[in-house]
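One-based numbering along the sequence shown. If you're wondering where the values come from, they're calculated on a predicted model, not measured in any experiment.
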Amino acid sequence: MSRTHGFAIATSAVSMALLSPMLLSPMAGAAVPARTGGNQSPQQLAAQAERSLRNATSVRLRYEDRSATATSSNRLPTSMDLTLDRAGNCAGTMTLGGHGGTVQIVKRGTDVWLKPDAAFWKAEYPGRRGIDLASTFSNRYIHGTTTSNLLNGIASSCDLRELQQVAKVSAPTSVKEGLATSLNGTRVVPLSFKVNGFTSTLYVTTGKEHRLYRAAQKGPDTDLSLTFTGYNVPVPKTTPPASRTVDISRVPQPPRS
């Protein structure tokens with residue numbers, strides 16, 4: 001993943017590049033009898049979860065990266081909380097590691113609004129310049145379109161269709177199904193498997209419609225999770241008022257790394 005400056009920081013790369021190793025797995029072979037997911041095999045549960053995610057019109061995606069690399073770098077996100085839909089609209093927040101700050105994100109059509117906090121400005125523009133920019137743009141949204149080089153990374157992160165294209169949760173024959181448990185009040189069945197030294201766990205809801213609730217992966221300097229809720233709940237249509245926005249053209253190019 002490239003560690004670029006500007007408002008395109010790690011946004012498009014996170015949702016797609018990190019989904020792949022967690023959700024893509026070897027093709028399933030013979031079914032293994034399930035113990036907690038009804039009369040279905042782990043592969044069947046995973047297949048239903050895949051269909052639910054791929055058929056969703058919108059979803060709330062919460063991403064967490066607890067690895068040392070992410071938490072120590074102000075160029076990589078440690079968390080994102082986005083509601084996104086198949087039309088490319090989204091709303092939420094992104095927090096960067098290493099005190100890199102938090103950015104509020106709103107995208108509607110081709111329009112993008114970002115509201116960085118003071119920590120972001122100071123991390124992105126070291127010294128007095130960052131302090132001044134934090135004051136100048138305090139509580140303001142930066143507005144532009146997806147044609148802007150500084151904002152184009154947001155476009156693919158907010159596109160549920162692109163996420164759905166890589167969301168394949170077919171579990172391999174080595175999958176181990178655990179006992180049903182509760183995560184934040186949601187009853188789920190954990191399906192775990194190992195690939196190339198990494199342990200991935202898919203948490204599938206136990207309700208009548210089996211949905212992917214969480215995908216987690218652990219391994220060398222890797223501790224990631226993606227949580228999916230709010231299936232088919234529309235993205236909020238509210239956009240920031242013009243009185244609280246500043247055009248992207250007023251934002252100076254950040255210094256090169």
Side-chain angles (χ1 to χ4, degrees), residues 11-32 34 36-65 80-92 105 107-109 146 153-175 177 180 183-184 186-193 195 198-217 224-236:
T11 50
S12 61
V14 168
S15 294
M16 304 311 140
L18 294 181
L19 265 175
S20 297
M22 279 196 279
L23 300 187
L24 294 179
S25 58
M27 295 298 292
V32 178
T36 57
N39 295 319
Q40 301 182 82
S41 72
Q43 288 80 8
Q44 290 171 325
L45 290 174
Q48 286 191 37
E50 175 189 342
R51 286 195 296 271
S52 292
L53 180 58
R54 290 170 69 89
N55 292 335
T57 57
S58 59
V59 71
R60 181 180 180 183
L61 168 65
R62 283 175 288 179
Y63 162 84
E64 289 187 77
D65 187 344
M80 290 203 307
D81 187 345
L82 288 177
T83 300
L84 61 160
D85 64 21
R86 300 180 74 179
N89 304 307
C90 76
I105 302 168
K107 180 177 178 290
R108 201 78 196 168
T146 52
I154 299 297
S156 56
S157 288
C158 290
D159 191 348
L160 179 59
R161 288 183 183 275
E162 186 171 348
L163 184 153
Q164 289 169 327
Q165 289 177 1
V166 302
K168 296 183 181 297
V169 296
S170 299
T173 54
S174 61
V175 67
E177 181 186 351
L183 294 178
N184 299 321
T186 299
R187 294 290 290 174
V188 294
V189 176
L191 308 174
S192 299
F193 52 92
V195 177
F198 293 89
T199 299
S200 295
T201 304
L202 307 176
Y203 296 89
V204 180
T205 59
T206 60
K208 183 176 181 180
E209 182 180 3
H210 299 294
R211 290 174 169 172
L212 178 63
Y213 177 78
R214 180 173 295 167
Q217 186 179 69
L224 306 169
S225 67
L226 289 162
T227 302
F228 300 90
T229 58
Y231 279 76
N232 303 316
V233 176
V235 176

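Gln48 places no side-chain N or O within 3.5 Å of a backbone atom of Glu209 that could act as its donor or acceptor partner. Side-chain atoms of Ser52 come within 3.5 Å of backbone N or O of His210 as a donor-acceptor pair. Judged purely by atom type and a 3.5 angstrom limit, Thr201 has no side-chain atom pairing as donor or acceptor with the backbone of Ala216. The backbone N or O of Asp85 sits nowhere less than 3.5 Å from a side-chain atom of Asn89 that would complete a donor-acceptor pair. Panel note: side chain Ser58, backbone Val233; a donor-acceptor pair is recorded below 3.5 Å. Between the Gln164 side chain and the Ala56 main chain, a donor and an acceptor come within less than 3.5 Å of each other.
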Start with the C-alpha gap between Val235 and Arg108, add the side-chain angles, then the distance that decides, and say whether side chain to side chain contact (heavy atoms under 4.5 Å, CB included) holds. CA-CA 9 Å; Val235 176; Arg108 201 78 196 168; 4.0 Å; yes
Evaluate side chain to side chain contact (heavy atoms under 4.5 Å, CB included) for Leu84 paired with Val59, printing each intermediate quantity in order. CA-CA 6 Å; Leu84 61 160; Val59 71; 4.1 Å; yes
Residues Phe228, Leu163; criterion side chain to side chain contact (heavy atoms under 4.5 Å, CB included); working and verdict: CA-CA 12 Å; Phe228 300 90; Leu163 184 153; 4.3 Å; yes
Take Tyr213 and Thr227 through the side chain to side chain contact (heavy atoms under 4.5 Å, CB included) test and state the conclusion after the steps. CA-CA 6 Å; Tyr213 177 78; Thr227 302; 3.8 Å; yes
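Interatomic distance, Met80 CE to Glu64 CD, rounded to the nearest 0.5 Å: 11.5 Å. Here the CG-CZ distance, from Asp159 to Arg86, works out to 9.5 Å after rounding to the nearest 0.5 Å. Note that CZ of Arg161 is 10.0 Å distant from OG1 of Thr57, once rounded to the nearest 0.5 Å. Between the CD atom of Gln217 and the CG atom of Leu202 there is a distance of 10.5 Å, given to the nearest 0.5 Å. The structure places CG of Leu45 at 13.0 Å from CD of Glu50, a figure rounded to the nearest 0.5 Å. Atom CG of Leu224 sits about 5.0 Å away from atom OH of Tyr63, to the nearest 0.5 Å.
Scanning all heavy atoms of the two residues, the minimum distance from Gln165 to Arg54 falls at O-NH1, 3.9 Å. Nearest approach of Val175 to Pro42, heavy atoms of both residues: CG1-CB, 3.6 Å.
No option in Thr229, Asp81, Thr83 other than Asp81 meets the side chain to side chain donor-acceptor pair (under 3.5 Å) test with Arg60.
The shortest side-chain heavy-atom distance between Asn55 and Tyr231 does not fall under the 4.5 Å cut-off. Residues Arg214 and Thr186 have side chains not in contact (no heavy-atom distance under 4.5 Å, counting atoms from C-beta outward). Looking at heavy atoms from C-beta onward, Ser200 lies out of side-chain contact with Val195 at the 4.5 angstrom threshold.
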